[in-house]
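Written out below as structure tokens is the structure these notes cover.
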Amino acid sequence: MSIIAIHKCSPTDTLDMQQMVPKLARVKSYFSDAPDVSTLEVEMADGVPVNYAPGQFNMLTVFGVGEAAISISGAPNGARLIHTIRDVGAVSHALTRLKPGDLLGLRGPFGIGWPIRAAHSKDVLIVAGGLGLAPLRSVLYHILAHRVKFGVVTLLYGARQPEDILYQSEIAYWRESCEINVALTVDHADVKWPGRVGVVTQLIDQAKFDPQNTLAMVCGPEVMMRFAAAALVEREIDAENIFLSMERNMKCAIGHCGHCQFGPNFLCRDGPVLSYEKLRPLLKVKEL
Ligand SMILES: Cc1cc2nc3c(=O)[nH]c(=O)nc-3n(C[C@H](O)[C@H](O)[C@H](O)COP(=O)(O)OP(=O)(O)OC[C@H]3O[C@@H](n4cnc5c(N)ncnc54)[C@H](O)[C@@H]3O)c2cc1C
Ligand code: FES
């Protein structure tokens, strides 16, 4: 006698399955930010807006090529769904080649974003390296829309070279508006660059904030985040008030496959934003 086990789908299974199926989206506009970086504004083909929190990400599919995790870098009101993408491999290359009107797949938003609520009434220090400004731009939009809720807000941003600085016109506007303090640096520059040369962590020494009442958000290459977080601790910001956005390869994005595991955390579900207090011991483990 054979026994056939019948698996009945629970409501959670159904929800998970729905989250695995990309919805159709269309490229609305395209902007080339830097030699290998493009910003795509997309709209859902069904017209239903996607609401998200700053720091969350979407899984974008180029049909016939593959899927990649990309942070949402627009204002968090669902009105404009914006992604800034660096061409590093097959999927990102295909994404940066899309043009207005082209269709793509979109699943999301996923993950836990930046702790905006916890930053209310505090000084906010945003430290970004390279493409790390993309998920932090959502935070800046949010802060600027609710400026009175925050104390001194400072953006420290470093790029490899002047051409790699993202969102240049917006940064100029933020600087002029005096709503936030902005300090920029580049790793390398020719004589035409009037600004600072050096790594972004060097800007932390001069930034003005009250360490006892500051929340720091850091995003960039992992090595930069490690040094930045250590420098922030030197400036007496508590590790529990420092947040980093971590990247690992994503597949399912809903906490099932384990591809994004970092210590005990699945970054798609428990992150990508986590406190330095949680991350510090893990960042010391080689090749984790
Ligand atoms: C939460 C999250 C948010 C992200 N947001 C953005 C974003 O806003 N813009 C953007 O351009 N990219 C972002 N990424 C990175 C992007 O998902 C990867 O670069 C993706 O693998 C690109 O796919 P690909 O096929 O083009 O390149 P692949 O062929 O997958 O990889 C090309 C190269 O990049 C390396 N790589 C792949 N994935 C990662 C990763 N996650 N971290 C570090 N190195 C990696 C590979 O080792 C390889 O050297 C994000 C990743 C995560 C996890
Ligand atoms: S990507 Fe599958 S568990 Fe995170």
Side-chain angles (χ1 to χ4, degrees), residues 12 16-17 19-20 22 30-42 50 52-74 76 80-98 104-114 128-141 157 159-160 164 166-167 217-226 243-274 279 283 287-288:
T12 336
D16 286 356
M17 279 189 291
Q19 289 183 312
M20 290 302 294
Y30 170 97
F31 182 77
S32 174
D33 291 278
D36 55 350
V37 181
S38 306
T39 292
L40 297 180
E41 179 178 355
V42 305
V50 175
Y52 59 90
Q56 286 193 299
F57 65 95
N58 284 323
M59 297 297 290
L60 300 186
T61 302
V62 179
F63 298 111
V65 183
E67 194 178 41
I70 304 291
S71 305
I72 310 170
S73 56
R80 298 183 72 203
L81 202 48
I82 299 179
H83 302 86
T84 298
I85 304 151
R86 170 167 289 136
D87 177 354
V88 294
V91 180
S92 52
H93 180 74
L95 282 167
T96 54
R97 291 296 170 279
L98 293 176
L104 68 159
L106 186 150
R107 297 194 286 130
F110 296 117
I112 298 171
W114 302 103
L131 203 66
L133 185 57
L136 285 165
R137 186 169 70 158
S138 293
V139 177
L140 286 161
Y141 283 147
Y157 179 39
R160 275 177 306 191
D164 291 332
L166 298 180
Y167 317 135
M217 307 185 202
V218 185
C219 189
E222 201 161 304
V223 63
M224 165 259 162
M225 291 200 288
R226 267 196 280 125
F243 291 83
L244 317 183
S245 183
M246 298 297 298
E247 279 193 15
R248 285 294 178 274
N249 259 328
M250 301 270 172
K251 286 285 176 218
C252 71
I254 54 170
H256 278 204
C257 71
H259 268 82
C260 65
Q261 187 161 8
F262 189 63
N265 309 293
F266 282 3
L267 291 177
C268 66
R269 184 193 59 195
D270 309 320
V273 176
L274 288 164
L279 290 169
L283 288 168
E287 291 179 10
L288 186 67

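Counting convention: from 1, in listed order, for ligands and their atoms alike.
Checking only distances, Thr84 does come within under 3.5 Å of ligand 1, N or O to N or O. Residue Met250 has no nitrogen or oxygen atom sitting less than 3.5 Å from a nitrogen or oxygen atom of ligand 1, judged on distance alone. Between Gly89 and ligand 1, at least one N/O pair is under 3.5 Å apart.
Side chains of Asp87 and Arg97 form a contact here, defined as non-hydrogen atoms less than 4.5 Å apart. Residues Arg226 and Leu244 have side chains not in contact (no heavy-atom distance under 4.5 Å, counting atoms from C-beta outward). Inter-residue side-chain proximity for Asn58 and Pro109 is flagged as met; some heavy-atom pair is nearer than 4.5 Å. Looking at heavy atoms from C-beta onward, Ile112 lies out of side-chain contact with Leu274 at the 4.5 angstrom threshold.
Of the candidates Asn58, Leu267, Val273, Val91, the one placing a heavy atom closest to atom 24 (P) of ligand 1 is Val91. Nearest-residue assignment for atom 41 (N) of ligand 1 (options Glu247, His93, Gln56; heavy-atom criterion): Glu247. Ranked by closest heavy atom to atom 32 (C) of ligand 1, the top entry among Ile85, Val62, Val88, Leu60 is Val88.
In this view, Asp164 and Ala34, Pro35, Ala159, Arg160, Gln161 satisfy the side chain to side chain contact (heavy atoms under 4.5 Å, CB included) rule, not counting sequence neighbours. Glu247 pairs by the salt bridge (Lys or Arg N to Asp or Glu O under 4.0 Å) definition with nothing, not counting sequence neighbours. By the side chain to side chain contact (heavy atoms under 4.5 Å, CB included) test, Thr84 pairs with Asp33, Val37, Thr39, Ser73, Leu131, Ala134, Leu166, Tyr167, sequence neighbours left out.
Under a 4.0 Å criterion applied to the non-hydrogen atoms of Leu131, ligand 1 contributes the atoms 9 (N), 10 (C), 11 (O). Less than 4.0 angstrom separates some heavy atom of Ser92 from each of these atoms of ligand 1: 24 (P), 26 (O).
The single protein non-hydrogen atom nearest to atom 16 (C) of ligand 1 is Ala69 O, 3.4 Å, given as residue, atom name and distance. Here the protein heavy atom with the shortest distance to atom 21 (O) of ligand 1 is Asn249 OD1, 3.9 Å. Closest protein heavy atom to atom 11 (O) of ligand 1: Arg86 N, 2.8 Å. The nearest protein atom to atom 12 (N) of ligand 1, hydrogens excluded, is given as Ile70 CD1, 3.7 Å; this is a heavy-atom distance.
Distances from atom 45 (C) of ligand 1 to the protein include no heavy-atom value under 4.0 Å. Checking atom 27 (O) of ligand 1 against the protein gives a heavy-atom contact under 4.0 Å. The nearest protein heavy atom to atom 38 (N) of ligand 1 is closer than 4.0 Å.
A distance of 8.5 Å separates NE2 of His83 from CG of Leu104, quoted to the nearest 0.5 Å. Note that SG of Cys268 is 14.0 Å distant from CE of Met246, once rounded to the nearest 0.5 Å.
Within the 4.0 Å heavy-atom criterion, the part of Arg248 lying near ligand 1 is the backbone and not the side chain.
Looking at every heavy atom in both residues, Val88 comes nearest to Ser92 through N-OG, 2.9 Å. Across every non-hydrogen atom of Pro22 and Thr61, the tightest pair is CG-OG1, 4.0 Å.
Using modelled atom types, one side-chain atom of Tyr157 and one backbone atom of Gly130 make a donor-acceptor pair closer than 3.5 Å. Of the possible polar contacts, one joining the Tyr52 side chain to the Gly74 backbone as a donor-acceptor pair under 3.5 Å is found.
Contact analysis puts Ala90 in contact with ligand 1, with a non-hydrogen atom separation below 4.0 angstrom.
Shown here are the protein N/O/S atoms lying under 2.8 Å from atom 4 (Fe) of ligand 2, water excluded: Cys260 SG, Cys268 SG.
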